[in-house]
Q: 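Okay, here's the structure, questions in a sec.
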Amino acid sequence: MSRDKLVLFGKRGVLSQITIPYELMRNLEIIDKPHFANQIREFIENNRIRKRRTVIVLDQSMVFHASEPLASSSDTEQLEQKFAQQLPFPEDRRLVLTIPRTQKLFMFGINNEVLETLTSTLESRNNKLLAAVPAAAYGLKLNSKTDATKLRKLFSHKKWVEAANFLHIHKD
């Protein structure tokens, strides 16, 4: 998903996409939630996305990200709070994912309302959501030329997919 599109990828690349109208979502905020959810639901139904194993890949345009040097593990919470405060959403809509590595802390932030709407709509069609990951965690830019091979490669690193999964936070 990008700032203005929902793209369906399959084994051979892009299968279908829908542009999300500006009056439904702008600046990463849902303006009209019932119509936004309905547009996503229609796209899912029109493309027969039902009872599928699904991974949501959030394009760089949907995710704020930063990395900070990590001197000690006690820095993690303070750095995460500072990052979260910089997100341009109301506090109750912020969702921050942190991935600590030996010398750096990687942080990703999204508008949780968008993710919740997307996940609940997919789940309502009996899809099994495996993950919601930021493409930026993999250095991947999604576009019409992104092929399925790149996406499969992305998910071959299970530990990284688990670490970079917003759904672990989302469902807690």
Side-chain angles (χ1 to χ4, degrees), residues 1-65 87 89 92-99 108-172:
M1 180 168 196
S2 70
R3 182 179 293 261
D4 64 348
K5 285 188 179 109
L6 180 60
V7 182
L8 173 62
F9 286 92
K11 291 182 180 180
R12 294 194 175 109
V14 175
L15 297 177
S16 184
Q17 64 183 16
I18 185 173
T19 300
I20 300 167
Y22 189 70
E23 59 270 7
L24 298 183
M25 188 169 90
R26 87 178 64 112
N27 299 325
L28 304 178
E29 298 231 35
I30 297 172
I31 305 303
D32 186 341
K33 190 173 180 176
H35 285 101
F36 175 80
N38 190 50
Q39 180 132 20
I40 301 298
R41 189 176 307 106
E42 285 178 9
F43 177 74
I44 290 168
E45 289 171 2
N46 291 342
N47 286 284
R48 298 184 181 108
I49 306 169
R50 186 179 184 88
K51 296 182 181 178
R52 302 242 175 122
R53 294 170 13 129
T54 307
V55 175
I56 300 169
V57 181
L58 300 163
D59 180 80
Q60 290 184 352
S61 67
M62 292 288 297
V63 181
F64 292 87
H65 55 93
L87 296 176
F89 313 119
D92 63 333
R93 290 190 190 148
R94 296 177 189 153
L95 187 62
V96 175
L97 172 70
T98 57
I99 305 172
F108 303 91
I110 60 170
N111 181 338
N112 193 33
E113 183 180 33
V114 175
L115 183 60
E116 282 181 345
T117 304
L118 190 56
T119 57
S120 65
T121 305
L122 282 162
E123 288 173 337
S124 74
R125 304 303 296 159
N126 298 317
N127 291 288
K128 181 179 181 183
L129 293 175
L130 303 176
V133 297
Y138 304 92
L140 179 68
K141 288 193 176 195
L142 298 178
N143 58 43
S144 61
K145 295 180 182 176
T146 303
D147 64 15
T149 306
K150 286 182 184 176
L151 292 173
R152 276 196 298 276
K153 187 176 179 183
L154 179 143
F155 298 113
S156 65
H157 305 286
K158 285 195 175 206
K159 286 185 180 181
W160 188 250
V161 171
E162 288 175 19
N165 187 356
F166 276 109
L167 296 182
H168 289 309
I169 300 166
H170 181 68
K171 296 201 177 202
D172 289 346

Q: What class does the angle between the rings of His65 and Phe108 fall in, given that below 30° is parallel, 30 to 60° is tilted and above 60° is perpendicular?
A: tilted
Q: Output side-chain donor-acceptor pairs under 3.5 Å for residues 27-35, partner residues at least two apart or in another chain, one line each.
A:
from: Glu29; atom 1: OE1; to: Arg93; atom 2: NH1; distance (Å): 3.0
from: Asp32; atom 1: OD1; to: His35; atom 2: N; distance (Å): 3.4
from: Asp32; atom 1: OD1; to: His35; atom 2: ND1; distance (Å): 3.1
from: Asp32; atom 1: OD2; to: His35; atom 2: ND1; distance (Å): 2.6

Q: Mind checking the CG-CZ spacing from Asn111 to Arg94? Nearest 0.5 Å is all I need.
A: 10.5 Å
Q: I'd like to check Leu58 versus Val114 (side-chain heavy atoms, cut-off strictly below 4.5 Å). Are they in contact?
A: no
Q: With a 4.5 Å heavy-atom cut-off, do Ile20 and Gln39 have their side chains touching?
A: no
Q: Assess the residue pair Leu129 and Leu167 against the criterion (side-chain contact (heavy atoms from CB on, under 4.5 Å)); give the C-alpha distance rounded to whole Å, side-chain angles, the decisive distance to 0.1 Å, and a yes or no.
A: CA-CA 8 Å; Leu129 293 175; Leu167 296 182; 3.8 Å; yes
Q: Judged by modelled atom types alone, do Glu116 and Asn112 share a side-chain donor-acceptor pair under 3.5 Å?
A: yes
Q: Could you measure the distance from the CD1 atom of Ile40 to the CE atom of Met25? Nearest 0.5 Å is fine.
A: 8.0 Å
Q: Please check if the side chain of Asn165 supplies one atom and the backbone of Val133 the other of a donor-acceptor pair under 3.5 Å.
A: no
Q: Looking at every non-hydrogen atom in both residues, tell me the closest pair between Ala164 and Pro134 and how far apart they are.
A: O-CD, 3.2 Å
Q: Contact between Leu97 and Val63 at the side-chain level, heavy atoms closer than 4.5 Å - yes or no?
A: no
Q: Looking at Ser2 and Asp59, would you say the former's side chain and the latter's main chain have a donor-acceptor pair under 3.5 Å?
A: no
Q: Any side-chain heavy-atom pair from Val96 and Leu87 closer than 4.5 angstrom?
A: yes
Q: Got a second to check how far Phe166's CZ is from Leu115's CG, nearest 0.5 Å?
A: 7.5 Å
Q: Could you tell me the separation between the CG atom of Asp4 and the CD1 atom of Ile18, rounded to the nearest 0.5 Å?
A: 11.5 Å
Q: Would you confirm whether Arg125, through its side chain, and Arg41, through its main-chain N or O, come within 3.5 Å as a donor-acceptor pair?
A: no
Q: Between atom CD of Glu45 and atom OG of Ser124, what is the distance when rounded to the nearest 0.5 Å?
A: 8.0 Å
Q: If you measure from OG1 on Thr121 to CZ on Phe43, what distance do you get to the nearest 0.5 Å?
A: 12.5 Å
